Amino acid sequence: MAMAATASSSSGITSFAFSRSANSSEPKVLQIGSLRLLDRVHVTPISLNQPGKRSSVKPLNAEPKTKDSMIPLAATMVAEIAEEVEEAVEKTEYFEQLAKNLENASPLEIMDKALEKFGNDIAIAFSGAEDVALIEYAHLTGRPYRVFSLDTGRLNPETYRFFDAVEKHYGIRIEYMFPDSVEVQGLVRSKGLFSFYEDGHQECCRVRKVKPLRRALKGLRAWITGQRKDQSPGTRSEIPVVQVDPVFEGLDGGVGSLVKWNPVANVEGNDVWRFLRTMDVPVNALHAAGYVSIGCEPCTRAVLPGQHEREGRWWWEDAKAKECGLHKGNVKEGGEVEEQAVSKSVVVEDIFKSESVVSLSRQGIENLMKLEKRREPWIVVLYAPWCPFCQAMEASYDELAEKLAGSGVKVAKFRADGEQKEFAKKELQLGSFPTILVFPKNSSRAIKYPSEKRDVDSLTSFLNLVRLLEQMEVGVWLEKQLAALDHRVRDRLCNKA
């Protein structure tokens, strides 16, 4: 990601008990529940090879000979998952405490702390509005900083000119992240240029903003936003100055791998503007025309005196749900998002749309559960299309389905929200979305995938392990161990709450 840089490199994380390797100054990779121990196991792996493609899954090495040799290995794997989940919880607690310590700090102090801790692994997300204040604060610290922005292809001309003015004023280069042209083409051809006026803005924002943002953040360990508590009545009133990002993943992958800084969270909009005028910072010309919160041209309009700034965004929708998806973690699961999903006025686009993903009905998954002898193993994701965590794994799950096509493993999905949620909780081990289950060939009960790592390699490695343990007739033992782990994790989180 080409980011703006202004000085010499600063240090990485220097506090808290994140262990480092002997030859690296980088924090320990927080791979929650990763299945790295599987590299020691060998079973004829599920083939991901297709004509003209190379598998991304590494071969598994040493071959165990007996059941007795497998149980210690699987036990070690379960223990490692538990340890890494614990590390992730501790990281969350650390940044929660840091947020409390910085609650009364100035935006400049918070910015300085963020840049000091993460150095070249952090970047400012610049929208082309009053969040130019973030760039000014970063500039004032004297530390190096990086800036990126999302070019949706539908911004106002004034915003593009503003980007150019900011680059010249600070002597920086902003990298612009663009949406996938094929996805944009498919959306426009199937639904037209202005479908968001009819069925909500989420689908368009997901293609033009959320997915490009996800790509950008995968190259970082932290990001800086211009969110303020006074911006949105239903979604931003409780944002902290720093937090472990609840939705997006960072460079190391997995939940907890990205930290989100909000230096102006406690600053009111009027104070931001006083700062910009005092520092003689360039601003978007649209502000002079009555625009306060600025996004894409079709979804942004000027507001009248006395109106809230977010009334100029997606004005045809509920005022309490005005998030494009970039900060969807502000909306609590089971709250506004779920209510929005079941509203008759809002259409939520389905996900996991690969032709290789089998869509199971209630009857279909009940039939699958009843089978004690299956022709092939199944992996099934229990999901809700509005859930940001489900959306985040869509690409990897679709890729898994396409690579496993014809391999003898079925990849499926079951929508488990709404009327199906209680059934899924009672019969399918649903705790939260997404929940991933593996139905072995020779067992009626599904084994719940215990990890937050939902990439193709991790899911495939787990499938291989289940298959191997089934051959060694220790699948029931593994199921009990993973179930116990699931309870320990939930108890740990509940005790923390």
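Note that the structure is a prediction, hence the values are computed from the model and not measured. When reading the values below, keep in mind they use all heavy atoms of this one structure, side chains included, and skip hydrogens, waters and symmetry mates.
At a threshold of 4.0 Å, the pair E103-K229 counts as salt-bridged, since one of the basic side-chain nitrogens sits closer than that to a carboxylate oxygen. Using a 4.0 Å cut-off between charged side-chain N and carboxylate O, K403 and E399 make a salt bridge. Using a 4.0 Å cut-off between charged side-chain N and carboxylate O, K211 and D180 make no salt bridge. A salt bridge links E249 with K218: at least one charged nitrogen is closer than 4.0 Å to a carboxylate oxygen. Note on D350 versus R415: no salt bridge recorded, every NZ/NE/NH1/NH2 to OD/OE distance being 4.0 Å or above. In summary, D252 and R221 engage in a salt bridge, as defined by a charged side-chain N under 4.0 Å from a carboxylate O.
Residues passing the side chain to side chain contact (heavy atoms under 4.5 Å, CB included) test with T435 are L382, L430, L437, K448, sequence neighbours excluded. For N284, the side chain to side chain contact (heavy atoms under 4.5 Å, CB included) partners are E158, T159, F162, L286, H287, I294, not counting sequence neighbours. Applying the side chain to side chain contact (heavy atoms under 4.5 Å, CB included) test to K100 and every residue at least two apart in sequence or in another chain returns Q97.
Here the side chain of S149 pairs a donor or acceptor atom with the backbone of F126 at under 3.5 angstrom. Remark: side-chain polar atoms of N262 are not paired, donor with acceptor, to backbone N or O of A265 under 3.5 angstrom.
Under the 4.5 Å side-chain criterion, counting only non-hydrogen atoms from C-beta, I447 is not in contact with F439. With a 4.5 Å cut-off on side-chain heavy atoms, V283 and W273 count as touching. Looking at F352 and P385, their side chains never come closer than 4.5 Å, going by heavy atoms from C-beta outward.
Below 30°, between 30° and 60°, or above 60°: for F275 and Y137 the angle between ring planes is below 30°, a parallel geometry. Below 30°, between 30° and 60°, or above 60°: for W223 and F248 the angle between ring planes is above 60°, a perpendicular geometry.
A donor-acceptor pair shorter than 3.5 Å can be found between the side chains of S458 and D455. Y383 and E394 share no donor-acceptor pair across their side chains, judged by distance under 3.5 Å alone.
Interatomic distance, I239 CD1 to Q227 CD, rounded to the nearest 0.5 Å: 4.5 Å.
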